[in-house]
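As a basis for the values below, the full set of heavy atoms in this structure was taken, side chains included, without hydrogen atoms, waters or symmetry mates.
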Amino acid sequence: MSDNAYRVETTSRLAQWRIDNLASCTYRKSDPFRMGNWNWYLSVEKNRLLYVKLYPVISNLNKDQPPIASFFARVRSSLGERRTLIHPGIKDKQLKNNDDFVWPIETLLAGKFVIDIEFVDLKTASTDGSEPSSIWAKGFIDSRSSVTALSSLGRMLSEDIHTDITINASDGSIKAHRSVLATRSPVFRSMFSHNLKEKELSTIEISDMSIESCQAFLNYIYGNIQHEEFLTHRLALLRAADKYDIDDLKEACHDSLLEDIDTKNVLERLQNASLYRLPILKSCCLRYLVNFGKIFDIRDEFNAFLQFADRELITEVFQEVLAAWKGF
């Protein structure tokens, strides 16, 4: 018998087991198949009747939350009189072992037949005693809700819907929403909570950002930034994240800056790492310069760096160089 005889094919919610032949007084169990959060088995036993069973694989990891299943079951015969037998359906039944769903079929089936299990829903019991929750509905709702919410926020900004604050960048102005800014930044929240000029005049001065960088900054806050836009403005975004205390943006900039250090940008990134207290980025830049010997490839740039860089940072570079020389 081929290995395919035990394989259950699946799509998003349908499991199908094709059985070529099943002799009398025979028991067969499928290979495990995945549906939802669980692995499952189908089994058939042919004696006087044909018994179809469906049950999950219960382990120590999921024994406290076995599936609560809703599904339809069908058996389709493909030889002789082609017929389809339909189970009346299972609604919100908890399945723990191989006796929780047993379908006895009295009709004689000869030759090839197909078992279909079409899952309508799978739920898990809550640990706090509340109603069981659907694993599919929750994921769908959460995903759709998040996408819709971010899209709506982006439209509020791009279409100037009920904006109530003006941000003046170095070369232009953008309108935004106090509530969104205050939610994302404790610095902005403080501005609008106290009798500061930003609250009174409904304006924020961000003169150290260009209008393009400021737009990228707002796009990030509103969940609407594009990847290329982020890459283009990430140093300006790092400065804004530090200034306005937006930790997730600072972390995103830091992680991105780690990915493409080269001879053209390493000195600038080293200075930014020192300025914005990013020890991992600083360490990677120093290692790139010293351990990989790239300091010799940019001698002119490094000499200019020595003229203008912070004295403490220059000291750290030379300490790294001395430590590397001691290793030889």
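Aromatic ring orientation, F101 versus H87: perpendicular (interplanar angle above 60°, classes split at 30° and 60°).
The CG atom of L313 sits 4.0 Å away from atom CZ of F305, with the distance rounded to the nearest 0.5 Å. Rounded to the nearest 0.5 angstrom, E9 CD and S30 OG are separated by 11.5 Å. In this structure, CZ on F296 lies 10.5 Å from CG on L289, to the nearest 0.5 angstrom. One finds the CG atom of D160 at 10.0 Å from the NE2 atom of H162 (value rounded to the nearest 0.5 Å). Atoms CD1 and OG, on I204 and S173 in that order, are 11.5 Å from each other to the nearest 0.5 Å.
Not less than 6.0 angstrom separates the ring centroid of F217 from the ring centroid of Y220.
The two atoms that bring A15 and M35 nearest to each other are N-CE, 4.3 Å, heavy atoms only. Among all heavy-atom pairs drawn from L281 and I261, the shortest one is CD1-CD1, 4.1 Å. Nearest heavy-atom pair, I167 versus C214, reported as atom, atom and distance to 0.1 Å: CG2-SG, 3.6 Å. Nearest heavy atoms, R34 versus T10: O-CG2, 4.1 Å. The nearest pair of heavy atoms linking A216 to I225 is O-CD1, 3.5 Å. Taking both residues in full, the closest heavy atoms of A176 and L181 are given as CB-CD1, 4.2 Å, listed atom of the first, atom of the second, then distance.
By the side-chain hydrogen bond (donor to acceptor under 3.5 Å, both in side chains) test, D262 pairs with N265, sequence neighbours left out. Take E320 and apply the side-chain hydrogen bond (donor to acceptor under 3.5 Å, both in side chains) test, not counting sequence neighbours, and it matches no residue. Contacts of R234 classified as side-chain hydrogen bond (donor to acceptor under 3.5 Å, both in side chains), with partners at least two apart in sequence or in another chain: S256, D260.
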Stepwise side chain to side chain contact (heavy atoms under 4.5 Å, CB included) test for W17 and V52
CA-CA 11 Å; W17 191 15; V52 176; over 6 Å; no

Would you please test F113 and I115 for side chain to side chain contact (heavy atoms under 4.5 Å, CB included) and show each step?
CA-CA 7 Å; F113 61 94; I115 301 172; 4.2 Å; yes

Any chance you could lay out the side chain to side chain contact (heavy atoms under 4.5 Å, CB included) test for L157 and V180, step after step, and finish with the verdict?
CA-CA 10 Å; L157 180 66; V180 176; over 6 Å; no

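With hydrogens and angles left out, the side-chain atoms of Y222 and H177 include a donor and acceptor closer than 3.5 Å. Residues S185 and D245 bring no donor and acceptor atom of their side chains to less than 3.5 Å of each other. A donor-acceptor contact under 3.5 angstrom links the side chains of N219 and Q215, judged on distance only.
Other residues, nucleotides and ligands contribute more than 12 heavy atoms inside 6.0 Å of the CZ atom of F230. Other residues, nucleotides and ligands place more than 12 heavy atoms under 6.0 Å from the NZ atom of K243. Heavy-atom neighbours of E106 CD from other residues, nucleotides or ligands within 6.0 Å: at or below the threshold of 12. The neighbour count for R287 CZ, taken as heavy atoms of other residues, nucleotides or ligands under 6.0 Å away, does not exceed 12. The neighbour count for I280 CD1, taken as heavy atoms of other residues, nucleotides or ligands under 6.0 Å away, does not exceed 12. Residue F318 places its CZ atom among 12 or fewer non-hydrogen atoms of other residues, nucleotides or ligands, all under 6.0 Å distant. The number of heavy atoms from other shown groups lying within 6.0 Å of CZ (R74) is above 12. For R311, the CZ atom is densely surrounded, since the number of other residues' heavy atoms within 6.0 Å is greater than 12.
Linking Ile, Leu, Val, Met, Phe, Trp and Tyr residues whenever their side-chain heavy atoms come within less than 4.5 Å leaves I68 and L95 in two separate clusters.
With hydrogens and angles disregarded, no donor-acceptor distance shorter than 3.5 Å links the side chain of S207 to the backbone of S170. Under a 3.5 Å cut-off, the side chain of Y6 and the backbone N or O of P32 do not form any donor-acceptor pair. Distance alone, capped at 3.5 Å, places no donor-acceptor pair between the S70 side chain and the V120 backbone. Remark: the backbone N or O of E228 is paired with a side-chain donor or acceptor of T232 at under 3.5 angstrom. Of the possible polar contacts, none joining the R178 side chain to the F192 backbone as a donor-acceptor pair under 3.5 Å is found. When atom types are taken as modelled, the side chain of R239 and the backbone of D208 share a donor-acceptor pair closer than 3.5 angstrom. Looking only at distances, no side-chain donor or acceptor of D171 sits under 3.5 Å from a matching main-chain atom of S210. Side-chain atoms of D100 come within 3.5 Å of backbone atoms of N97 as a donor-acceptor pair (strictly under, hydrogens ignored). Q65 places a side-chain N or O within 3.5 Å of a backbone atom of A125 that can act as its donor or acceptor partner.
Salt bridge status for D116 with R76: present, with a side-chain N to carboxylate O gap under 4.0 Å. Look at K250 and D242 and you find a salt bridge, because one of the NZ, NE, NH1 or NH2 atoms lies within 4.0 Å of a carboxylate O, short of that distance. Using a 4.0 Å cut-off between charged side-chain N and carboxylate O, D99 and K53 make a salt bridge. A salt bridge is absent between E131 and K123; no separation between the charged side-chain nitrogens and carboxylate oxygens falls under 4.0 Å.
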